[in-house]
**Student:** 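Please read through the structure below; I'll follow up with questions.
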Amino acid sequence: MRLSKTFVPTLKEIPNDAVVPSHILMLRTGMVRMLSAGIYSFLPLGYRVIKKVCEIVRQEMDAIGGQEFHLPALNPKEIWEETGRVEAFGDILFHVKNRDYVLAPTHEEIMTFHARNVVKSYKDMPQIWYQIQTKFRNEPRPRSGVIRGRQFLMKDSYSFDVSWEDLDKSYMLHDEAYRRIFTRCGLKFFVVGASSGAMGGTGSEEFMVKSEAGEDTVAYCESCGYAANVEVATSKVSSPERETESKQVYEIHTPNVKSIDELCEFLKIDESVCAKSRIYISNNQPILVLMQGNDEVNETKLEKAVGSTIRPAHPDELKEITGADAGSIGPIGFNGRIISDLRLKDRNNLFSGANKNDYHIGGIDFQRDVKNIDYADLRVVQSGEGCPKCDSKLEVFPAIELGHIFKLGTKYSESMKAYFLDENGKENPIIMGSYGIGIERVVACYIEQNHDTKGIVWNKALAPFHIHLISINPKNEKVKNVSDEIYDSLTKSGFEVLYDDRDASPGFKFNDADLLGMPIQVIVGEKKLKDNLVECKIRKSDERFDVELNNLHSKLKELLDSLE
RNA sequence: CGGGGCGUAGCUCAGCCCGGUUAGAGCGCCUGGUUCGGGACCAGGAGGUCGGAGGUUCAAAUCCUCUCGCCCCGACCA
């Protein structure tokens, strides 16, 4: 395509509303423009990238036997009421005002609708149905450009099987296909197993990419691949052993000492001998939670340990429950349920609050002084702690969810009555799986991982064009003619060429080329042309070298083959 | 939904606190000329209901009220 005739509105300055690199660069390169919060138009260059991702997804989905559908975004509300998801989605679901339709936020119901009464025999399965379609979700807070939008492209597929064993197969096929898709796209990703067992034997995996723009926090071990959402992640940490001799409990006057750090400073002790107190409320009953030192309470783990939902107590409740304010609360004299992190299990000679403002207590022995104490892993893991699976260290960082594969089981087939007859003529619900990939997120994550100060660095797989041809001074007739010839012949030979034939200064064109980031730049200038040479530049490595005109095709082919 | 920030030319922003000729700059855009290997130069030019509505005032981009939009943090996230 000729840049002089193509709509690629590049921006020299950073748009005011963009913060994360992918968002900034997608705007600056003219890939996208915002229409409204969380709603983006893809411009020609951006849409080319989207189509490349879709094609990779399509190839890999087809390779595992997937069949592509195209489903409506406009859905009758009553189908969504069959599974109770109108209520489950709540405000996230867009409702159409003048008819009883909703805008589909995903398509389990619609796929199940097509399967029921049609996929009636065990002989009809397995099936894998997929589509690449726009989804609508009324996100309360769209952010980070295309990463969290109210309207987005999703590849979603659904498997239909006769048994749990067969579901495992469909699930594994997706797992492998997803790894191939993200690898082909050039993404550094990892897989988080999020199996909770909450739905009876179901499992799920999230495909994640490390990113500052991420909305999930994960713990990851580079050496063994252990990865877990920080809500459930565990780690190996050491703590002091129980000391052989327990001191007596004694009260200490600690004026204005509130935090663990202040307490350690005041008493010249280590934080590992401190039991930090937090009060939570569950079913209107207070629970005292004890953590070692500055360890943070992981509320997800706490809920699991307690067995019901919890919330932190309000400041005024603290006084009422314990007689003290935050900073002076402790287990001695506390009337109610006490649960402690495993790090403090059976410890003695600990320091904690006295349930009296400005006082702490030392010499606490959990075995002797704290009756009915429960123990559980309640910590939020932190970077640098030991991996639970190997001897390496964990890293904790934010990440973006690119894809999710999920064993649905019979939730939808049962509620929507999608039954089949097995070999014995017995009726059973279809066993389903559901698998999604955020297409725009793939693009945004690629940019997050592959950019420098000048702009995007595309790989061969996703680049909107492979070659960026630049003519320096197209007013020079020879330069113009040779550039035109190169463009025509390369295009005819099947190369994907973006041709900057604009009448602009060289620096302007070079900077635009680096910003747009095609893998190879071919630069046609007057000086080198005298020797029948043009310059090639590899965007990623900044390598440059001269190529003879009549060798250009073979050299470019060679370069493209060698590039990722 | 809570907290914070912002809305002035296509883009980035100044002016607002302390009201007062014709609302500015840089970049971009248009015309002509020069230039052409890392965001060129000269000359001329177009472009604004200062997000919107109401109010205070002799006078509002500026002060007040309401409203809409966008960004960030939090809550939420099948």
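So that the names make sense, note that chain A is the first sequence line, chain B the second, and so on, each numbered from 1.
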**Student:** When you measure only distances, ignoring hydrogens and angles, does the side chain of A:Glu526 come within 3.5 Å of the base of B:rG37 through a donor and an acceptor?
**Tutor:** no

**Student:** Quick one: look up who B:rU22 pairs with, Watson-Crick or G-U, both distances under 3.5 Å, and put none if it's unpaired.
**Tutor:** none

**Student:** Does B:rG69 have a Watson-Crick or wobble mate here (both distances under 3.5 Å), and if so which one?
**Tutor:** B:rC6

**Student:** With heavy-atom distances below 4.5 Å as the criterion, would you say the side chains of A:Met291 and A:Glu296 are in contact?
**Tutor:** no

**Student:** What interatomic distance, in whole Å, is found between C1' of B:rA61 and the corresponding atom of B:rG74?
**Tutor:** 33 Å

**Student:** For nucleotides B:rA9 and B:rG15, find the distance between their P atoms and express it as a whole number of Å.
**Tutor:** 15 Å

**Student:** With a 3.5 angstrom cut-off on both distances, give the Watson-Crick or G-U wobble partner of B:rG28, or none if there isn't one.
**Tutor:** none

**Student:** Tell me the partner of B:rC63, counting only Watson-Crick (N1-N3 plus N6-O4 or O6-N4) or G-U wobble (N1-O2 and O6-N3) with both under 3.5 Å; none if nothing fits.
**Tutor:** B:rG55

**Student:** In whole Å, what separates the P atom of B:rU12 from that of B:rC6?
**Tutor:** 16 Å

**Student:** Would A:Tyr412 and A:Arg116 count as having a side-chain donor-acceptor pair, cut-off 3.5 Å?
**Tutor:** no

**Student:** Return the pairing partner of B:rA78 with a 3.5 Å limit on both distances, Watson-Crick or G-U wobble; otherwise return none.
**Tutor:** none

**Student:** Let's see if you can work this out: which of B:rG39, B:rC36, B:rG38 has an atom nearest to the side-chain heavy atoms of A:Asp514?
**Tutor:** B:rG38

**Student:** By nearest nucleotide on RNA chain B, pick out whichever of A:Met34 and A:Gly525 is the more 5' one.
**Tutor:** A:Gly525

**Student:** Pick one: which of A:Leu103, A:Leu93, A:Asp91 meets side chain to side chain contact (heavy atoms under 4.5 Å, CB included) with A:Asn138?
**Tutor:** A:Asp91

**Student:** How long is the line joining CG of A:Leu515 and P of B:rG38, in whole Å?
**Tutor:** 18 Å

**Student:** Output one letter per nucleotide in nucleotides 4-14 of chain B: B when a protein non-hydrogen atom lies under 4.0 Å from the base, S when only the sugar-phosphate is that close, - when neither is.
**Tutor:** -------BSS-

**Student:** With a 4.0 Å cutoff (strictly under), does any side-chain N or O of A:Ser36 reach OP1 or OP2 of B:rC70?
**Tutor:** yes

**Student:** Measuring only the P atom in each nucleotide, how far is B:rG5 from B:rA23? A whole number of Å is fine.
**Tutor:** 30 Å

**Student:** Strictly under 6.0 Å, is that where the ring centroids of A:Tyr40 and A:His23 end up?
**Tutor:** yes

**Student:** With both distances kept under 3.5 Å, what pairs with B:rC16, Watson-Crick or G-U wobble?
**Tutor:** none

**Student:** Using whole Å, report how far CG of A:Asp503 lies from C1' of B:rG37.
**Tutor:** 15 Å

**Student:** Show the numbers, then the answer: is there a side chain to side chain contact (heavy atoms under 4.5 Å, CB included) between A:Tyr435 and A:Ser170?
**Tutor:** CA-CA 10 Å; A:Tyr435 319 87; A:Ser170 296; 4.0 Å; yes

**Student:** Does A:Phe545 have A:Lys555 sitting over its ring (NZ/CZ under 6.0 Å from centre, angle to axis within 45°)?
**Tutor:** yes

**Student:** Quantified in whole Å, what is the C1' atom distance between nucleotide B:rG10 and nucleotide B:rC30?
**Tutor:** 13 Å

**Student:** Using the benzene-type ring in the case of Trp, are the ring centres of A:Trp458 and A:Phe465 under 6.0 Å apart?
**Tutor:** no

**Student:** Can you tell me if A:Tyr178 and A:Lys155 form a side-chain donor-acceptor pair at under 3.5 Å?
**Tutor:** yes

**Student:** Let me know the distance between CD1 of A:Ile24 and P of B:rC71, rounded to the nearest Å.
**Tutor:** 14 Å

**Student:** Could you say whether A:Lys454 or A:Ala18 is positioned toward the 5' end of RNA chain B, judged by the nucleotide with the nearest heavy atom to each?
**Tutor:** A:Lys454

**Student:** Rounding to an integer number of Å, can you tell me how far A:Asp512 CG sits from B:rG39 P?
**Tutor:** 13 Å

**Student:** Are any of the side-chain heavy atoms of A:Phe94 and A:Arg150 separated by less than 4.5 Å?
**Tutor:** yes

**Student:** I'd like to compare against my own output: the B/S/- annotation of nucleotides 73-78 of chain B with a strict under-4.0 Å heavy-atom distance to protein.
**Tutor:** BBBBBB

**Student:** Grab the CZ-C1' distance between A:Phe510 and B:rC36 for me, whole Å please.
**Tutor:** 10 Å

**Student:** Could you tell me which nucleotide pairs with B:rG37 by Watson-Crick or G-U wobble geometry, both distances under 3.5 Å, or answer none if nothing does?
**Tutor:** none

**Student:** Looking only at atom P, what distance separates B:rG19 and B:rC13, rounded to whole Å?
**Tutor:** 27 Å

**Student:** Do A:Tyr499 and A:Tyr487 have their ring centres less than 6.0 Å from each other?
**Tutor:** yes

**Student:** Run the ring-centre check on A:Tyr171 versus A:Tyr158 and record whether the distance is less than 6.0 Å.
**Tutor:** no

**Student:** For B:rG47, give its Watson-Crick or G-U wobble partner with both distances under 3.5 Å, or none.
**Tutor:** none

